[in-house]
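Just below is one structure, and these are the notes that go with it.
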Amino acid sequence: MSPDNPDPERHVDDADRPAAPPPSGAAPTGSESAVPPPAVPPPGFGPGEGPASTAYRSELELTLDEPRRPLRTVATVLGVVLALAVLGGGLGLLWAVLAPDTPVLKTAEGAIYAEPQPEQPIAADGWFSLLGLAFGVLAALALWFLLRRQRGPVGLLGVVLGTLAAAPVAWQVGRRVGLATFDRLLDTAPAGQAFTKPADLRAGGIDWLFGVLPVPHGNLLLPAFGAAVTYTLLAGWSRWPGLRPEPDPTALSWVSAGTPAPTAAPEPPAPGAAEPPRG
């Protein structure tokens with residue numbers, strides 16, 4: 001070995017030929033240890049691809065933020081309206097049970113109140129108002145938690161229209177409980193006989209716009225009012241800007257927490273250090 005030929009296995013005339021790789025298990029020389037090992041791409045990072053976590057996050061965000069199709073939106077609103085209208089029948093039955101009947105007397109001209117100023121009609125209106133408000137609040141809460149993908153204008157429209165449809169249904173179902181018996185007694189009972197009239201509304205009803213479009217008024221609007229206020233408050237207090245649960249960026253990673261870190265390259269020897277012996 002000489003200064004001009006430090007490698008005994010390499011000929012002086014072959015200066016341009018790269019040196020042979022060291023045998024397996026041999027310690028790297030100073031010049032070899034200074035060269036860092038080739039970078040190994042992480043799993044899921046191939047030609048023309050990004051990191052797996054980024055691709056997964058992009059796909060998940062696209063799934064959550066995909067535009068709603070018009071037909072799906074219309075079907076959702078109609079389904080909510082139909083479901084709440086059916087539940088309005090149960091609301092009417094509950095109102096008929098809680099609201100008191102009004103005592104009346106049969107006369108030659110028809111039925112009159114048995115008392116000069118009865119409180120039962122006022123109680124019937126009060127019960128309907130309280131039950132309607134509670135129904136609207138519960139409907140908004142149920143729609144908010146069950147239909148998370150439709151939170152926003154679609155959900156608000158569905159719950160308002162649904163409670164607007166449920167209120168007249170509840171009124172008509174409730175007032176017809178015992179109405180057949182009242183009509184029969186009104187026709188057949190002798191003058192002076194006392195009986196009761198089923199609950200009905202005096203502070204609410206339906207007007208027909210142009211004779212075609214029904215427009216509810218009075219306490220028939222209270223279920224929709226309670227639903228709109230509750231849904232708006234839930235949207236205002238939501239911690240997500242899009243009103244829907246968003247993925248946690250820190251949790252979207254394909255790399256397990258227990259994966260060991262890659263081994264660092266050996267540090268180059270200090271200046272002036274003795275060259276290790278060669279075999």
Side-chain angles (χ1 to χ4, degrees), residues 73-102 104 113 118-148 150-183 196-237 243:
T73 301
V74 173
T76 300
V77 173
L78 291 179
V80 171
V81 172
L82 181 60
L84 292 179
V86 171
L87 293 177
L91 176 64
L93 294 176
L94 180 60
W95 173 57
V97 171
L98 296 177
D101 296 339
T102 304
V104 295
Y113 288 135
E119 298 179 355
Q120 289 81 4
I122 301 175
D125 282 329
W127 275 111
F128 190 90
S129 301
L130 292 176
L131 292 175
L133 277 175
F135 180 82
V137 171
L138 293 178
L141 289 173
L143 193 64
W144 178 267
F145 289 107
L146 293 179
L147 300 181
R148 297 187 177 185
Q150 280 73 30
R151 288 178 180 176
V154 175
L156 180 61
L157 180 64
V159 74
V160 169
L161 293 180
T163 48
L164 280 176
V169 172
W171 171 40
Q172 293 300 318
V173 170
R175 70 183 293 269
R176 279 173 167 77
V177 175
L179 185 60
T181 302
F182 171 77
D183 292 337
T196 58
K197 180 183 178 181
D200 203 349
L201 291 182
R202 296 194 307 175
I206 293 179
D207 293 333
W208 292 90
L209 185 62
F210 304 113
V212 178
L213 182 63
V215 180
H217 63 86
N219 47 12
L220 289 181
L221 299 175
L222 289 177
F225 174 77
V229 171
T230 303
Y231 200 91
T232 304
L233 290 177
L234 290 173
W237 292 338
L243 304 182

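Between the CG atom in L161 and the CG atom in L82 there is a gap of 13.0 Å [rounded to 0.5 Å]. Taken to the nearest 0.5 Å, the CG atom of L138 stands 11.0 Å off from the CG atom of L133. Distance check, rounded to the nearest 0.5 Å: OG1 of T181 to NZ of K197 gives 14.5 Å. To the nearest 0.5 Å, atoms OG1 (T230) and CG (L143) are separated by 11.5 Å. Between the CH2 atom of W144 and the CG atom of L233 there is a distance of 10.5 Å, given to the nearest 0.5 Å.
Under the side-chain hydrogen bond (donor to acceptor under 3.5 Å, both in side chains) criterion, W95 pairs with no residue at all, not counting sequence neighbours. Among residues two or more places apart in sequence or in another chain, the side-chain hydrogen bond (donor to acceptor under 3.5 Å, both in side chains) test is passed with Q172 by R176. For F182, the ring pair (Phe, Tyr, Trp, His ring centres under 6.0 Å) partners are F195, not counting sequence neighbours.
Side-chain contact between L87 and F135 is present, with heavy atoms from C-beta onward closer than 4.5 Å. Contact annotation: the side chain of P198 never approaches that of V177 to less than 4.5 Å [non-hydrogen atoms, C-beta and beyond]. In this structure the side chain of V80 reaches within 4.5 angstrom of the side chain of L147, judged on heavy atoms. Residues V74 and V77 fail the side-chain proximity criterion, which asks for heavy atoms closer than 4.5 Å.
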What pairs of donor and acceptor atoms, side-chain ones from residues 205-222 against any protein atom, are under 3.5 angstrom apart with sequence neighbours left out?
none

Which pairs of donor and acceptor atoms, one on a side chain in residues 120-131, lie under 3.5 Å apart (sequence neighbours left out)?
| unit_1 | atom_1 | unit_2 | atom_2 | d |
| --- | --- | --- | --- | --- |
| D125 | OD1 | R202 | N | 3.1 |
| D125 | OD2 | R202 | N | 3.4 |
| D125 | OD2 | A203 | N | 3.4 |
| S129 | OG | D125 | O | 2.9 |

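Among pairs with a residue in residues 73-92, none fulfils salt bridge (Lys or Arg N to Asp or Glu O under 4.0 Å), at least two apart in sequence or across chains.
Closest non-hydrogen pair, L84 versus A139, comes out as CD2-CB, 3.9 Å. The two residues G89 and V173 have their closest heavy-atom pair at O-CG1, 3.7 Å. L156 approaches A228 most closely through the heavy-atom pair CD1-CA, 4.1 Å. When every heavy atom of A199 is checked against every heavy atom of D101, the shortest pair comes out as N-OD1, 3.7 Å. Considering all non-hydrogen atoms of both residues, A167 and P223 come closest at CB-CG, 4.0 Å.
Using a distance-only test at 3.5 Å, with no hydrogens or angles considered, a donor-acceptor pair links the side chain of Y231 to the main chain of G152.
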Using the rule given for side-chain contact (heavy atoms from CB on, under 4.5 Å), can you reason through L234 versus L141, listing the C-alpha separation, both sets of side-chain angles and the distance that settles it, and then say yes or no?
CA-CA 8 Å; L234 290 173; L141 289 173; 3.7 Å; yes

